[in-house]
Amino acid sequence: MMPGDSNMTSIVQRIARQALITFRNPPRIGEEAGKSFLENESKLKILMTEVRAADLKLAPRRGDSSSPGVSPAVQYHHHLHGGPPVTYMHICETDQFSMGVFLLKSGASIPLHDHPGMHGMLKVLYGKVRIRCFDRPERPAGGTQAAAAPALPPAQMGALWRSLLGSNDELTEESGPCVLSPGQDNLHQIDAVDGPTAFMDILAPPYDPDEDRDCHYYKVLAEGKVRDTKEKEAWLLEISQPAHFWCGGEPYPGPEVCL
């Protein structure tokens, strides 16, 4: 631990320890979460709700090159010459989970992407983010689903996915964490609203292409209500990583985590 932390365990350390316990044996796709997992997940959510930017020795950033009212395309042009629109601070990683902080410049966005077979929690540390979530995508079935699918060239049909619209919220540091699972709210797009923002992020297990946990990006083609239900479906096209998005790195300044 850092000097001064010897008499009191930092909340970052406590979050990491609880994440290790929570995600030691998480439910997988199609499995119902057991009592033990739900209890540990609840403890982790409570700790994540309490964490603040100061606990990670982060100060809100105001000197951003973007300006309100300037189009995202122009803002991203500025980002090309002023560093990446998004940066990541790595805190720790085990086989069970990874933990870090994402910092978004004003007007920046993390495009719609997935977390295959993964659980996660996101807690805003400062600023405001808009998070639009979708459930785990599936290949469209036949019948009415196929009939509702957008018309695409044959070469693109293999990249077409059907999903259900999940949560759609604006979150600040006063909000509780956003939670995702392998089946629910597994895809999301994250936009910085009204200025720069930062959030703490836990993913379990971490991305690993060798274990079929690679990150994929998507574009929403169409949305509509599912017949005879209150649910809304979305048709997603898997795409390459958008050219305007890339992620840099910077050192994590907060308390050391030991696991």
Side-chain angles (χ1 to χ4, degrees), residues 1-23 40-68 75 79 82-94 96-110 119-131 133 167 169-180 188-204 206 247-259:
M1 291 184 188
M2 300 290 285
D5 284 340
S6 56
N7 295 327
M8 186 174 69
T9 304
S10 73
I11 188 168
V12 185
Q13 175 73 48
R14 285 184 281 142
I15 287 172
R17 286 178 181 166
Q18 186 58 45
L20 193 63
I21 294 169
T22 302
F23 299 118
N40 281 311
E41 185 184 50
S42 179
K43 292 176 183 177
L44 182 59
K45 286 170 67 175
I46 290 170
L47 288 172
M48 289 281 280
T49 299
E50 294 174 357
V51 71
R52 293 293 184 267
D55 297 317
L56 283 72
K57 304 189 186 306
L58 291 178
R61 299 182 178 182
R62 301 300 176 196
D64 194 276
S65 60
S66 305
S67 304
Q75 289 181 9
H79 293 325
V86 179
T87 54
Y88 181 72
M89 294 177 172
H90 174 76
I91 298 176
C92 65
E93 181 170 322
T94 71
Q96 286 75 35
F97 76 98
S98 61
M99 184 165 78
V101 176
F102 283 94
L103 300 98
L104 280 68
K105 290 186 176 181
S106 182
S109 173
I110 300 178
H119 294 260
M121 283 193 195
L122 178 164
K123 173 63 174 65
V124 177
L125 299 170
Y126 64 77
K128 183 191 294 185
V129 300
R130 182 182 300 111
I131 306 180
C133 298
S167 58
D169 299 305
E170 289 190 352
L171 305 179
T172 69
E173 63 184 292
E174 301 302 324
S175 307
C178 173
V179 179
L180 65 89
H188 55 217
Q189 176 172 321
I190 305 169
D191 302 308
V193 180
D194 300 331
T197 185
F199 61 86
M200 189 173 181
D201 191 64
I202 293 177
L203 288 177
C247 189
E250 49 182 290
Y252 162 67
E256 182 181 356
V257 169
C258 300
L259 294 172

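Keep in mind that this is a model prediction, so the values were computed, not measured.
- Here the side chains of Thr49 and Pro177 are in contact, with some heavy-atom distance below 4.5 Å.
- The shortest side-chain heavy-atom distance between Tyr126 and Arg61 falls under the 4.5 Å cut-off.
- The side-chain contact (heavy atoms from CB on, under 4.5 Å) test applied to Gln18 returns Ile21, Thr22, Asn40, Lys43, Leu44, Leu47, not counting sequence neighbours.
- The ring-ring contact (aromatic ring centres under 6.0 Å, His included) check on Phe102 picks up Tyr88, Phe199, with sequence neighbours excluded.
- Distance CG/Leu180 to CG/Asp201: 8.0 Å, rounded to 0.5 Å.
- In this model, a donor atom of one side chain and an acceptor atom of the other lie less than 3.5 Å apart for Gln96 and Thr94.
- Contact check on Glu174 versus Lys128 returns no salt bridge, with no Lys/Arg side-chain nitrogen under 4.0 Å from an Asp/Glu carboxylate oxygen.
- With rounding to the nearest 0.5 angstrom, the OG1 atom of Thr197 is 9.5 Å from the CD1 atom of Ile190.
- With values rounded to the nearest 0.5 angstrom, Met200 atom CE is found 5.5 Å from Leu56 atom CG.
- When all heavy atoms of Pro206 and Ser98 are compared, the closest pair comes out as CG-N, 3.8 Å.
- The main-chain N or O of Cys258 is found under 3.5 Å from a side-chain atom of Gln13 such that the two form a donor-acceptor pair.
- Remark: of the listed residues Met99, His90, Met89, Met89 is the sole one forming a side-chain contact (heavy atoms from CB on, under 4.5 Å) with Tyr252.
- Among all heavy-atom pairs drawn from Val86 and Ser109, the shortest one is CG2-O, 4.4 Å.
- Thr87 places no side-chain N or O within 3.5 Å of a backbone atom of Gly249 that could act as its donor or acceptor partner.
- Atoms CG and CZ, on Leu58 and Arg52 in that order, are 13.5 Å from each other to the nearest 0.5 Å.
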> After noting the C-alpha distance and the side-chain angles of Ile202 and Ile15, does the key distance pass the side-chain contact (heavy atoms from CB on, under 4.5 Å) rule?
Replying inline: CA-CA 10 Å; Ile202 293 177; Ile15 287 172; 3.7 Å; yes
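- Lys123 places a side-chain N or O within donor-acceptor distance of the main-chain N or O of Glu173, the cut-off being under 3.5 Å.
- A distance of 11.5 Å separates CG of Leu203 from CE of Met121, quoted to the nearest 0.5 Å.
- Distance check, rounded to the nearest 0.5 Å: CG of Asp55 to CZ of Arg14 gives 8.5 Å.
- Between Leu171 and Gly176, the shortest heavy-atom contact is CD1-O, 4.4 Å.
- Taking both residues in full, the closest heavy atoms of Ala204 and Phe97 are given as CB-CB, 3.9 Å, listed atom of the first, atom of the second, then distance.
- Considering every non-hydrogen atom in both Ala198 and Leu103, the closest pair reads CB-CG, 4.2 Å.
- Side chains of Ile131 and Asp169 form no contact here, defined as non-hydrogen atoms less than 4.5 Å apart.
- Scanning all heavy atoms of the two residues, the minimum distance from Ala192 to Gly195 falls at CB-O, 3.6 Å.
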